[in-house]
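Report on the structure given below.
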Amino acid sequence: MEGKEPIGGQWNFDAENRKGFGAQGPGTVPPPARFAPDRVTQDVIALVRERFGSHPGTLDHFAWPVTREDALVALQHFIDQRLDNFGAWQDAMWTTLPFGWHALVASSLNLHLLNPREVIAAAEQAYHARGLSLASVEGFVRQVLGWREFIRGVYWLDMPHMALANHYGHTRDLPAWYWTGNTHMACMQATIGQSLQHGYAHHIQRLMVTGQFAVLAGLSPQQVSAWYRAMYVDAVEWVETPNTLGMALHANGGRFTSKPYVASGQYIKRMSNYCKGCRYQPDVRTGPSACPMTTLYWDFLIRHEQDFAGNPRTALMVKHVGKMGEEDKAQIRAQAEATRAGLNAV
Amino acid sequence: MTRHLMLVLGDQLGWDNPALADFDPAQDRLLMIEADSEADEVWNHQARIALFLSGMRHFANEAHRRRWPCTYMKVDDLGLPSDFAGRLAHALQSIQPQALVVMEAGAWRMERLIEDAAAQAPVLLRWVGDTHFLCSRAGFAKWAGEKKELRMEFFYRDAQTARRADGRQGAHRRAMEL
């Protein structure tokens, strides 16, 4: 902030912060700080293997900060090596880059190894002292000062009923491959696969891959919420429940979001390399090569056409549905029905 | 005789926890509980379980270095109930503190569980606000007021403005007033 106006004269740089890596790929990305398990962590790892060995995920790659000292090193490493590029690529996804340019400080913040004030101050200080990208620094600070505080406020305001929210009345069971990654959908395979390896996926993977699929496929919000809470190292209930039920699944009917976050396989193609080599085609809605995400997306729009048409934020999305022939719609609906019936085998 | 028993939860591993501000090693005691029920409440990722357990044990080691009395229940300790509620009840029974002190938890269910355990014991329960966050629960409720739709973008602008005003007063640690 500078006087009453934000530095740069803009509150929000979202429009600059939505790039994909493009055909040339992400290039060289400095890896995040990771920490070899010390004696205490080694003992815990042995204990968890013995006692909770049937639980999902692996400990083979465990490298999270478990002390404040390590968390401070991780924070400084992010500020020095990765923050400058964080903004532009924060939504981009790439199969060989599970952490992208992200900070990986959420687990340390949520265990209170780090204080949000020092995290914000470190980013702002780097902006002033080293002239880092304003869009990057602003995009990062709004996650910590804005989204994180907001989400926690909403959780305590709306609990306990928030946990039961189910705006669309979705009741379908989570397909078994949410716990294994064994699906032919390359985007889900990559996102779930890295989640099992590291207990981590970044916000767009969580929102627009596993989250989008869950709402389009009509999965039970409570089962999906339990899955997110189980899967991610940073998933404390106050942050996981509103992000899942409110943001990803629109299960509370838009209490704090202006629209459901759905965008079809075409969005995933634009933001990642997942679709390359996938057996499904993101631009195909029906037939054997149709992308399940795309089929279910159009089916979702057809089913909620009236709702979407009445909301200025979503009216454009369903304009195309209005021009569709009845036969097209029937084909999409039949394909979506078949997809949902065979969900465990997609 | 224990004055305050201070329960530190797995997501409360900061030494800036205000519940610890007036800790007196001569008459107070920390309590940390590992329990199967926390790992099994949802079918947790092994890395998530390891992160919380390792973080808690490092915290307890630091307490030990500071010579702060600490009752630490490991997940595989024999002779204790296996679930969190049972272990908390067991600790309250055997330590008999004058008061149980806890910072606001990260889950609604956990707060109910602690309240139930304190009522059953019975023991005086004192909640301490979580000053890790810049915006208190009450502060957020006040900001939300009667708004039908809550929007992050507006909250964020108010938060930036409030933080700037706070900065001028040099008030870095107290909850911001929106």
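Predicted model, so just to flag it, every value in this text is computed and none were measured. Letters go in sequence order (proteins before strands), and every chain restarts at 1.
Between Glu124(A) and Arg163(B), at least one side-chain nitrogen of the basic residue sits less than 4.0 Å from a carboxylate oxygen of the acidic one, meeting the salt-bridge criterion. Salt bridge annotation for Arg152(A)-Glu104(B): present, with a cationic side-chain nitrogen under 4.0 angstrom from a carboxylate oxygen.
Interface remark: Val239(A) contributes no atoms to any contact with chain B (heavy atom separation under 4.5 Å). The part of Pro65(A) that comes within reach of chain B is its backbone (N, CA, C, O), which places non-hydrogen atoms under 4.5 angstrom from that chain. Only the side chain of Thr67(A) comes within contact range of chain B, with heavy atoms under 4.5 Å apart. Proximity to chain B is limited to the backbone of Thr257(A), based on heavy atoms less than 4.5 angstrom apart. Heavy atoms of Trp147(A) lying under 4.5 Å from chain B belong to its backbone as well as its side chain. Contacts between Lys74(B) and chain A at a heavy-atom distance below 4.5 Å are absent for every atom of the residue. With a 4.5 Å cut-off on non-hydrogen atoms, Arg142(A) touches chain B through its backbone and its side chain both. Contacts of Leu114(A) with chain B are made by backbone atoms alone, with heavy-atom separations under 4.5 Å and no side-chain atom involved.
Summarising the geometry, atom CG belonging to Leu47(A) is positioned 5.0 Å from atom CG belonging to Asp76(B); distances are rounded to the nearest 0.5 Å. Between the CD atom of Glu153(B) and the CZ atom of Phe150(A) there is a distance of 10.5 Å, given to the nearest 0.5 Å. To the nearest 0.5 angstrom, Asn115(A) atom CG is 16.0 Å from Trp15(B) atom CH2. Taking CZ from Phe256(A) and CZ from Arg151(B), the interatomic distance works out to 9.5 Å, rounded to the nearest 0.5 Å. Note that the CG atom of Leu51(B) and the CG atom of Leu113(A) stand 7.5 Å from one another [nearest 0.5 Å]. Going from atom CH2 of Trp179(A) over to atom NE2 of His45(B) covers 10.0 Å, rounded to the nearest 0.5 Å.
Without hydrogens or angle criteria, His55(A) side chain to Gln46(B) main chain gives no donor-acceptor distance under 3.5 Å.
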Worksheet item: Hey, mind stepping through Arg57(B) and Val66(A) against side-chain contact (heavy atoms from CB on, under 4.5 Å) and telling me if it holds?
Response: CA-CA 9 Å; Arg57(B) 289 181 181 194; Val66(A) 293; over 6 Å; no

Worksheet item: Can you check side-chain contact (heavy atoms from CB on, under 4.5 Å) on Trp238(A) and Phe133(B), steps first, answer last?
Response: CA-CA 12 Å; Trp238(A) 65 262; Phe133(B) 294 94; 3.5 Å; yes

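For a heavy-atom cut-off of 4.5 Å, chain B lies close to Ala226(A), Arg229(A), Ala230(A), Met231(A), Tyr232(A), Val233(A), Ala235(A), Val236(A) in residues 224-236 of chain A. Residues of residues 111-124 of chain B that come closer than 4.5 Å to chain A, counting heavy atoms only, are Glu111(B), ordered by residue number. Chain A is approached within less than 4.5 Å, heavy atom to heavy atom, by His58(B), Asn61(B) from residues 58-73 of chain B, ordered by number.
For residues 88-132 of chain B, every residue pair satisfying the ring-ring contact (aromatic ring centres under 6.0 Å, His included) rule, not counting sequence neighbours, is listed here: His112(A)-His132(B).
For the pair Thr131(B) and Arg117(A), the tightest heavy-atom approach, listed with the atom from each and the gap, is O-NH2, 3.1 Å. When all heavy atoms of Leu157(A) and Ala144(B) are compared, the closest pair comes out as CD2-CB, 3.5 Å. Val154(A) and Phe140(B) get closest at one heavy-atom pair: N-CE2, 3.5 Å. Of all heavy-atom pairs spanning Arg51(A) and Val75(B), the tightest one is NH2-O, 3.5 Å.
Comparing Leu13(B), Leu9(B), Asn17(B) by how many heavy-atom pairs each has under 4.5 Å with chain A, the most go to Leu13(B). Heavy-atom pairs under 4.5 Å with chain B peak, among Leu196(A), Ile45(A), Thr241(A), at Leu196(A). When the candidates Glu240(A), Glu138(A), His61(A) are compared by the number of heavy-atom contacts under 4.5 Å with chain B, Glu138(A) comes out ahead. Among Arg68(A), His198(A), Arg49(A), Arg148(A), the residue with the largest count of heavy-atom pairs under 4.5 Å with chain B is Arg148(A). Most heavy-atom pairs under 4.5 Å with chain B: of the set Pro56(A), Gly153(A), Gly146(A), this distinction falls to Pro56(A). Top candidate by heavy-atom pairs under 4.5 Å with chain B, chosen from Gly53(A), Pro37(A), Gly57(A), is Gly57(A). Heavy-atom pairs under 4.5 Å with chain A were tallied for Gly14(B), Gly10(B), Ala47(B); the largest tally goes to Ala47(B). Contact tally against chain B (heavy-atom pairs below 4.5 Å) for Val44(A), Leu111(A), Ile120(A): the top residue is Leu111(A).
The 12-atom threshold is exceeded at CD of Gln96(B), counting heavy atoms of other residues, nucleotides or ligands nearer than 6.0 Å.
Residues Phe155(B) and Ile151(A) are not in side-chain contact: their nearest non-hydrogen atoms beyond the backbone lie 4.5 Å or more apart.
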